[in-house]
Amino acid sequence: MQQPTRLVVLVSGSGTNLQALLDACTDPAYGARVVAVGADRDGIEGLARAERAGVPTFVRSLSDFETRDGWDAALATVVERFEPDLVVSAGFMKLLSTDFLAKFLTLNTHPALCPAFPGMHGPRDALDHGVKVTGATLFVVDAGVDTGPIVAQVPVTVEEGDDVASLHERIKTAERAMLVEAVGRIAREGITVEGRRVRIGAGAR
Ligand code: GAR
C-alpha cells in the first residue's frame, strides 16, 4: 500500500473543515494524514483541534514580521519542514505569495460558487446579491483571490429567511463533505492541473 498523502492544513478560525479532515484521516483507507496544522494567529479553536488530535502545530503571525514577504517566507520554511504532498488552506484568511505557491500544491476552500463572490464575505455577498443558489468551491490556489482552477463545487440553496450565519452554516456542512471527498480522492488517485482544467484520478498522482 502506498504511503498516505501528507497534508499540512492552514487555519485561521474555528477549524471545522480541518476537523472533518482529521476525522477522515483516522481511517487508513482514506489515504491521507494531517502531518501539521499551521495558523496565522494563536488561541484559535482550529489549533486546539489539532492539539487534541495529537498533530503538531505552528503559528506564524504577520504582525511578528517586518514585511509580508518575510512572513510568507517564514511560513514556507516551517511548512517545508513537514514535507507535505498537499497544503490545504481551510479557512486560512491570508493570501499566499507566488513563491509559496510554487513550492507547494495548495488547495483552498471558499464558501461560494467561484467565480462568484470571491473574498472574505462569500455568504454575505451572495445573500446581498439575492442569489437563490450558492455553495462552496475547492480550488487550486493561484495568484488571484479565489480565482484558481476548480477542483470541486457543491451547490447550496438559499432559503427564505436565511441570514449570513444560517446560510454560512449550511454551506459549511456541504463544504466539509466536498473537501473530505475531494482530498481523499486526490490522495488515493492523484491530481493533474493543466491550465484551468483539474483532473483527479487515472494515475494523475
Ligand atoms: C469556511 O467556510 C471557509 O470556506 C471560509 O471560512 C470558513 C472556515 O470555517 N473561508 C473563506 O471565506 C476564505 N475566503 P472553519 O474554520 O470552521 O473550517
Side-chain angles (χ1 to χ4, degrees), residues 7-25 32 34 36-53 55 57-62 68 72 75 86-97 100-101 104 106-129 131 133-159 162-184 186:
L7 308 177
V8 168
V9 182
L10 302 177
V11 296
S12 296
S14 63
T16 63
N17 281 287
L18 163 67
Q19 188 67 55
L21 286 173
L22 288 168
D23 292 347
C25 287
V34 180
V37 171
D40 62 332
R41 64 200 73 185
D42 227 330
I44 55 172
E45 181 59 17
L47 289 171
R49 289 177 191 277
E51 280 155 22
R52 286 197 292 274
V55 172
T57 62
F58 57 86
V59 176
R60 294 294 178 276
S61 302
L62 191 50
R68 198 176 175 106
D72 189 90
L75 186 71
L86 189 64
V87 173
V88 181
S89 166
F92 186 64
M93 295 300 191
K94 290 276 184 303
L95 296 178
L96 298 161
S97 72
F100 184 100
L101 299 172
F104 312 107
T106 304
L107 305 184
N108 186 26
T109 172
H110 180 64
L113 291 177
C114 296
F117 312 120
M120 304 281 277
H121 302 288
R124 184 197 71 188
D125 295 346
L127 211 51
D128 285 352
H129 200 83
V131 296
V133 177
T134 183
T137 302
L138 183 68
F139 61 94
V140 179
V141 182
D142 67 5
V145 177
D146 303 325
T147 52
I150 292 168
V151 178
Q153 289 187 301
V154 60
V156 172
T157 303
V158 179
E159 306 286 357
D162 257 338
D163 58 16
V164 175
S166 65
L167 178 60
H168 196 179
E169 268 319 304
R170 224 164 45 259
I171 291 172
K172 283 176 72 168
T173 301
E175 182 179 32
R176 288 190 288 267
M178 172 190 69
L179 177 68
V180 165
E181 217 260 332
V183 169
I186 290 167

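As the structure lists them, so they are numbered: ligands from 1, and atoms in each ligand from 1.
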Quick check: does [X] get an N/O under 3.5 Å from an N/O on ligand 1?
X    : value
G119 : yes
G15  : yes
N108 : no

Starting from [atom], find the nearest protein heavy-atom neighbour and note its residue, name and distance.
atom                    : answer
atom 8 (C) of ligand 1  : G91 CA, 3.7 Å
atom 1 (C) of ligand 1  : E175 OE1, 3.3 Å
atom 12 (O) of ligand 1 : P111 CD, 3.3 Å
atom 6 (O) of ligand 1  : M93 CE, 3.6 Å

Check: Which one holds for K172 and ligand 1: side chain close, backbone close, both close, or neither close, with close meaning a heavy atom under 4.0 Å?
Finding: side chain

Next item on the list: State if H121 counts as touching ligand 1 under the rule of any non-hydrogen atom under 4.0 Å.
Entry: no

Checklist line | Heavy-atom closest pair, residues V158 and V131 | finding: CG2-O, 3.4 Å

Suppose I only count heavy atoms of [X] and a 4.0 Å limit; which atoms of ligand 1 are within that range?
X    : result
H168 : 1 (C), 2 (O), 7 (C)
T109 : 3 (C), 4 (O), 10 (N)
S14  : 15 (P), 16 (O), 17 (O)
H110 : 4 (O), 14 (N)

Taking [Y]'s backbone N and O only, do any of them form a donor-acceptor pair with [X]'s side chain (distance below 3.5 Å, no angle check)?
X    : Y    : value
H110 : F117 : yes
N17  : A90  : no
Q153 : C114 : yes
S12  : M93  : yes
R41  : G13  : no

Checklist line | Non-neighbouring partners of D42 that pass side-chain hydrogen bond (donor to acceptor under 3.5 Å, both in side chains), sequence neighbours left out | finding: none

Checklist line | Gap between atom OG1 of T137 and atom CG of L107 - 0.5 Å precision | finding: 12.5 Å

Item checked: Results of salt bridge (charged side-chain N to carboxylate O under 4.0 Å, His left out) for R170 - residues two or more places apart only -> D162

